[in-house]
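Everything on this sheet refers to the single structure shown next.
None of these values were measured; they are calculated from a predicted model. Just so it is clear: chains get the letters A, B, ... in the order the sequence lines come, proteins before strands, and each one is counted from 1.
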Amino acid sequence: MKTAELQAIYVMWIRQMKKFVRSKSRIVVTIVQPLFFLFILGAGFSSISMPGLGENVEFIHFFAPGIVAMSILFSSMFAGISVLWDKQFGFLQEVLVAPVSRISIIIGRTLGGATTALIQGFIILFIAIGIGTPISGVTGFILTIIFMILISFSAVGFGLILASKMQDFQSFPIIMNLIIMPLLFLSSAFFPVSENETLLTIAYFNPLFYMVDGLRGSMLGIDNSVIQNPLLSLGIVSTICIVMLLIGSYLFSKSEA
Amino acid sequence: MKLKKPLLYYNKHIDRFINKIRITKNKYSGEKNLDIIKITNLTKKFDKITAVEKVSFVVKKGEVFGFLGPNGAGKTTTIKMLTTLLNPTEGTATIAGYDIIKQRNQVRKNIGIVFQEPAIDTDLTGEENLEYHARMYGMNKDERKKRIEEILDLVDLQEKRKVLVKNYSGGMKRRLEIARGLMHYPTVLFLDEPTLGLDAQTRRAIWEYIKKMNKEGQTTIFLTTHYMDEADYLCDRVGIIDHGKILILDDISNLKNSVGRDVITLACDDLNKLRNKLEEKNWISKIKQHETTLTLGVEKGDEKIPIIIEIAQKINVKIKSISVRKPTLDDVFLSYTGRTIRDDEQKNNLGNSMPPRSRGGHH
Ligand SMILES: Nc1ncnc2c1ncn2[C@@H]1O[C@H](COP(=O)(O)OP(=O)(O)OP(=O)(O)O)[C@@H](O)[C@H]1O
Ligand SMILES: [Mg+2]
């Protein structure tokens with residue numbers, strides 16, 4: 001690859017890192033919100049007995065992978081959608097008129113978005129481990145990281161798709177409330193779906209379910225996931241990730257400034 | 001610096017001289033190396049309107065070319081096609097010999113652009129904006145460092161280099177954008193209304209930068225503007241576009257002469273009557289009726305004033321005011337588009353040289 005292309009990837013990446021580090025409020029919100037969920041809801045629900053939890057698993061531990069997935073999903077998606085900011089503030093034109101391929105721009109943006117999201121995801125993960133969430137060995141930990149990365153890239157891809165289709169941020173709350181939140185609730189992030197036939201059937205059509213379930217299986221051990229084959233989960237989530245990234249990049253590369 | 005200037009100045013004149021020779025000598029030989037921008041039949045259609053219609057012209061190397069036209073004329077759309085941001089519906093263009101459709105990357109390497117709308121990342125510092133730009137244009141570390149110093153000096157932003165752009169004033173942002181457009185030594189620099197909304201002092205300063213880079217850097221400049229004084233001061237040649245079509249394209253001096261050596265503006269109580277009478281006179285090269293005035297293009301304007309007053313008296317028309325002046329680009333613009341550049345779109349039909357036409361709103 002030519003140096004200009006590598007430089008473009010680096011520029012798109014470092015730019016997001018700088019902006020991330022500088023926006024203190026964004027860091028606080030994106031880290032505090034999941035922790036708030038984890039502790040308040042985790043503590044609240046732990047007193048009621050919840051069907052579908054494995055033996056010796058406390059609710060807050062069941063809950064932890066869901067919160068990690070949620071925080072990565074939200075910040076990655078936001079990173080993808082932030083292309084829309086660049087469009088509105090004109091900066092996208094500056095990028096598109098540079099003598100570099102759109103692919104490099106997309107790669108840089110995706111890496112940048114994923115990096116910031118994963119930093120947040122890891123902070124939550126380590127806090128969860130700190131409060132006693134068990135990790136099922138080295139393989140489990142490696143798988144956990146792989147799932148986190150896949151979740152992040154899928155969500156950046158989805159964000160890019162939204163950014164290419166949306167003209168402004170007006171439809172953003174609608175998409176969040178009518179699509180993302182329901183999918184998240186039905187993904188087993190917050191409560192088990194395995195005990196309810198209907199919920200489980202719905203879950204199988206929900207891409208987020210495979211991500212959350214796979215992440216949980218990797219972190220807590222395979223007994224805790226619905227799909228008992230980690231390779232199957234991994235395959236499905238990888239496929240989702242590739243499809244999202246391909247569609248996202250395609251739409252982005254077609255967009256005119 | 002002091003020594004360099006006259007030499008480059010001289011070079012530019014040689015360049016122009018060569019251009020002139022080329023035009024007279026090679027008119028039909030098809031030699032193109034000095035046509036840095038060559039536009040052929042460039043057309044852009046949006047859903048309902050044709051924003052740019054079969055535009056063809058050339059810009060020569062080292063020239064400052066002005067692209068003038070009222071709001072919505074198609075200036076920005078043309079620039080976006082030339083800078084590979086929009087695909088033409090028809091036609092094409094070459095920049096530095098590279099095709100804007102087939103050789104985008106080569107074109108992109110050769111151009112710099114300052115967009116009409118701001119296009120800087122305001123969450124980064126001025127220096128970071130320049131640095132990232134330079135990286136994307138493949139400049140190495142030493143080149144980047146040297147060039148950033150140079151360019152920050154040029155636009156007088158050394159003190160603000162470490163400040164986030166969101167804390168810049170409007171003029172500083174504009175200067176930074178111009179600096180960024182120049183970072184990578186473009187062959188052609190596109191400036192879409194570079195001084196829009198700036199105060200007189202900043203505009204002056206920016207004009208000086210533009211002149212400087214054109215002279216010292218041999219950069220060809222393609223600029224659009226709504227300010228006739230700006231075009232007059234900066235440009236060698238201008239093209240006037242309206243409703244997506246080029247109306248006229250020539251040297252500024254030729255354009256002014258085409259309006260008449262002098263322009264007489266008068267107001268009276270019966271414009272139509274006086275106009276009809278004056279139209280019989282062959283010493284008036286051009287006559288235009290506006291809302292409350294008539295403008296006449298004449299030779300030796302001073303001597304014509306008494307004659308006109310006499311004519312008016314004979315047909316019982318009372319002249320309220322009359323003045324004579326040298327033609328400006330405003331007159332040229334008025335004469336070709338039927339309205340001054342600042343006239344509202346609603347007033348289109350008053351100029352009566354253009355049929356009234358409704359168009360999609362802009363911005
Ligand atoms: N993306 C678009 N979709 C539809 N119509 C467009 C689009 N961009 C521009 N137009 C239309 O094309 C015409 C030319 O617009 P353009 O921006 O080129 O004008 P302009 O000469 O730059 O005007 P101004 O002096 O106001 O900047 C206008 O009628 C505008 O509404
Ligand atoms: Mg414009």
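Only the side chain of B:Glu128 comes within contact range of chain A, with at least one heavy atom under 4.5 Å from a heavy atom of that chain. Proximity to chain A is limited to the side chain of B:Asn129, based on heavy atoms less than 4.5 angstrom apart. B:Phe115 touches chain A through its side chain: at least one heavy atom from C-beta onward sits under 4.5 Å away, while N, CA, C and O do not. For a residue to count as touching a neighbouring chain, one of its non-hydrogen atoms must lie under 4.5 Å from one of that chain's; by this rule B:His133 touches chain A with backbone and side chain alike.
Across all non-hydrogen atoms, the minimal contact from A:Val97 to B:Ile113 is CG1-CG2, 3.9 Å.
For the atom pair A:Leu6 CG and B:Arg135 CZ, the distance stands at 11.5 Å (nearest 0.5 Å). To the nearest 0.5 angstrom, B:Thr83 atom OG1 is 8.0 Å from A:Gln93 atom CD. The line from CG of B:Leu85 to CD of A:Glu94 is 10.5 Å long, rounded to the nearest 0.5 Å.
Residues B:Tyr132 and A:Lys18 are in side-chain contact: their nearest non-hydrogen atoms beyond the backbone lie under 4.5 Å apart.
A salt bridge does not link B:Asp123 to A:Arg22: none of the charged nitrogens lies less than 4.0 Å from a carboxylate oxygen.
Your options are A:Ala98, A:Ala8, A:Ser23, and the one with the most heavy-atom pairs under 4.5 Å with chain B is A:Ala98.
Applying the side-chain contact (heavy atoms from CB on, under 4.5 Å) test between A:Pro99 and each of B:Lys109, B:Met136, B:His184 identifies B:Lys109 as the sole match.
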